[in-house]
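First comes the structure, then the notes that go with it.
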Amino acid sequence: MARRPILATDALQENPPQAAISPERVDPEALLAWYDRHRRRLPWRALPGESADPYHVFLSEIMLQQTTVAAVQPYFAAFLARWPTVEDLAAASLEEVLAAWAGLGYYARARNLHACARAVSERHGGRFPSEEAALLELPGIGPYTAAAIASIAYDRPAAPVDGNWERVLSRLFAVEEPLPKARPLFRRLALDILPARRHGDFAQGVMDLGATICTPRRPACTLCPWQRPCRARIAGTQDLYPRKAAKAERPTRRGVAFLVMRPDGAVLARSRPEKGLLGGMTEVPSTSWTTDGPVAPERDAPLDAQWTVLNARVGHVFSHFALELALWRTTVPDGTPAPPGHRWVRSGDVAGEAFPSVMRKVLEHRQ
DNA sequence: GACACGTGGTT
DNA sequence: TAACCAAGTGT
């Protein structure tokens, strides 16, 4: 049987699971009342009582995946200004979208965002579906985002269980099961406490609660609308939740990046493969990045030249490894053809090119 | 189910 | 400062 997230519609058809926990004591109306007084004002949110634009919800939710509100704000504004509707985004080229996304990270999101816009345009006439199941079929939309769009944009009963929800639920019910194993349990608990109305407000209310009250450290329990039913607060064990499995260590990889300059300021660049790390993004040529580092970097140089080995190094931390890049620089004559698979990026075009943050650090050493 | 996948801010 | 953290998804 295909693996499928638990949907709100499932819960309505099943007997309440229940074990040692009693979700009936958690009052959703208390959360809604708190939300009415403390809701955060965010650019992608509708005014109280109004409904949010599904495209705005979609765009913000994709950007907010594993990304802070502060980091998203300028990108959201820039995307919306440049591509005001999902049809506009669908009409854009992937290269434009990747370049506009540069710096935000998790670049597969940009690729999927673009593919999703095209799918919505072609398969749904430019209108986002309101059903979770249909949303789930779209590229880049998983259980969380499907539930977020369904609830926030269409006010459907759905549980967009993100890190905030997990933290809130883990404390509310003192969940001992560690993440990520506890995911299905959190989903079930979330569905159990859904209100009968205002589903979008409830979804965002729990997120706001997690972001401002039920914080990772030193939660402000005295201000919490759910302080009375909260198992962790009663026991004084808030800091123990959510339980998390030990994470793998982060190794360091090393490589050499080649800064090939022309006197006019152009720099030699190439595009990364479409899949994998920094997929489809622009980079300065380099050796492969390995734990031991390159043995003979000159063999991987894009061309033969007199290299200056810079003293500076570029350090960068990715999600699953740290990178330390040595820098080799050279200047070649104007008119030097770009080697196969490479291209020249003029000085004035660097800003608009899809260089990820790590490459912008490298490029600071151009001179 | 475990791992790949970015970045910048906070503690 | 090293570790942790942020509105997850795809494979």
Side-chain angles (χ1 to χ4, degrees), chain A residues 3 5 40 42-45 52 56-76 98 101-113 115-116 135-149 151-153 158-168 178-184 186-187 190 200 203-212 214-218 239 242 244-253 272-281 283 315-323 354-361:
Chain A
R3 198 167 296 281
R40 294 206 283 175
L42 298 170
W44 42 86
R45 281 193 177 165
H56 295 189
V57 176
F58 158 71
L59 183 59
S60 64
E61 290 300 343
I62 300 296
M63 288 183 167
L64 286 163
Q65 289 168 13
Q66 299 291 283
T67 308
T68 58
V69 165
V72 164
Q73 305 251 34
Y75 285 85
F76 179 79
L98 286 176
W101 194 276
L104 241 202
Y106 284 137
Y107 298 99
R109 291 184 296 172
R111 183 175 300 278
N112 287 144
L113 178 87
C116 186
L135 288 161
L136 228 26
E137 299 296 314
L138 269 7
I141 294 186
Y144 164 78
T145 307
I149 295 174
S151 61
I152 298 171
V161 181
D162 68 339
N164 291 121
W165 275 70
E166 289 175 344
R167 191 167 53 255
V168 170
L179 283 167
K181 206 170 181 177
R183 289 261 147 77
F186 283 131
R187 195 162 185 85
Q204 295 173 96
V206 176
M207 291 186 218
D208 279 12
L209 187 73
T212 63
C214 196
T215 50
R217 270 160 297 190
R218 302 176 58 79
D239 291 343
K244 293 189 177 182
K247 47 206 155 294
E249 59 184 271
R250 185 148 43 195
T252 296
R253 297 182 193 172
R272 292 181 61 87
E274 294 200 355
K275 297 201 167 196
L277 186 73
L278 307 175
M281 302 297 284
E283 69 173 359
H316 193 75
V317 180
F318 291 98
S319 50
H320 55 298
F321 68 93
L323 178 65
F355 285 114
S357 292
V358 60
M359 288 300 148
R360 294 188 186 271
K361 289 184 187 176

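Chain A is the first sequence line, chain B the second, and so forth, proteins listed ahead of strands; every chain is numbered from 1. Values below: every heavy atom of this structure, side chains too, minus hydrogens, waters and symmetry copies.
Remark: A:Arg40 pairs with A:Asp208 by the salt bridge (Lys or Arg N to Asp or Glu O under 4.0 Å) rule, at least two apart or across chains. Not counting sequence neighbours, the partners of A:Glu166 by the salt bridge (Lys or Arg N to Asp or Glu O under 4.0 Å) test are A:Arg183. For A:Phe76, the ring-ring contact (aromatic ring centres under 6.0 Å, His included) criterion is met by A:Trp44, not counting sequence neighbours. When the ring-ring contact (aromatic ring centres under 6.0 Å, His included) test is applied to A:His316, the partners found at least two apart in sequence or on another chain are A:Phe318. Scanning for ring-ring contact (aromatic ring centres under 6.0 Å, His included) contacts around A:Phe355 gives an empty result, with sequence neighbours left out. Among residues two or more places apart in sequence or in another chain, the side chain to side chain contact (heavy atoms under 4.5 Å, CB included) test is passed with A:Ala102 by A:Met281, A:Arg360.
Within the 4.5 Å cutoff, side-chain heavy atoms of A:Leu113 are placed close to those of A:Leu59.
A distance of about 16 Å separates the C1' atoms of C:dG8 and B:dG1, rounded to the whole Å. Distance noted for atom P between C:dC5 and B:dC5: 22 Å (whole Å). Taking the P atoms as reference points, C:dT9 lies 22 Å from B:dG8, given to the whole Å.
Within the nucleic acid shown, A:Pro139 comes within 4.0 Å of sugar-phosphate atoms alone, with no base atom in reach, counting heavy atoms only. The residue A:Arg40 sits close to a base: some heavy atom pair falls under 4.0 Å. Within the 4.0 angstrom heavy-atom criterion, no nucleotide atom of any strand lies near A:Leu323. If you check every strand for non-hydrogen atoms under 4.0 Å, A:Val69 touches a base. As judged by a 4.0 angstrom heavy-atom cut-off over every strand, A:Trp44 is placed among the base-contacting residues.
Here CD1 of A:Ile149 is found 7.5 Å from CD of A:Glu61. Values are rounded to the nearest 0.5 Å.
Interface limits on DNA chain C: the 5'-most and 3'-most nucleotides within less than 4.0 Å of chain A heavy atoms are C:dC4 to C:dG10.
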Exercise. How does protein contact run along nucleotides 5-10 of chain B, one letter per nucleotide 5' to 3', with B for base contact, S for sugar-phosphate only, - for none, heavy atoms under 4.0 Å?
Worked result: BBBS--
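For the salt bridge (charged side-chain N to carboxylate O under 4.0 Å, His left out) condition, the pairs that include at least one residue of residues 101-112 of chain A, sequence neighbours left out, are A:Arg111-A:Glu274.
Sequence order on DNA chain C of the closest nucleotides to A:Leu138 and A:Ser60 puts A:Ser60 first from the 5' end.
A straight line from NZ of A:Lys181 to C1' of B:dC3 spans 17 Å, rounded to a whole angstrom.
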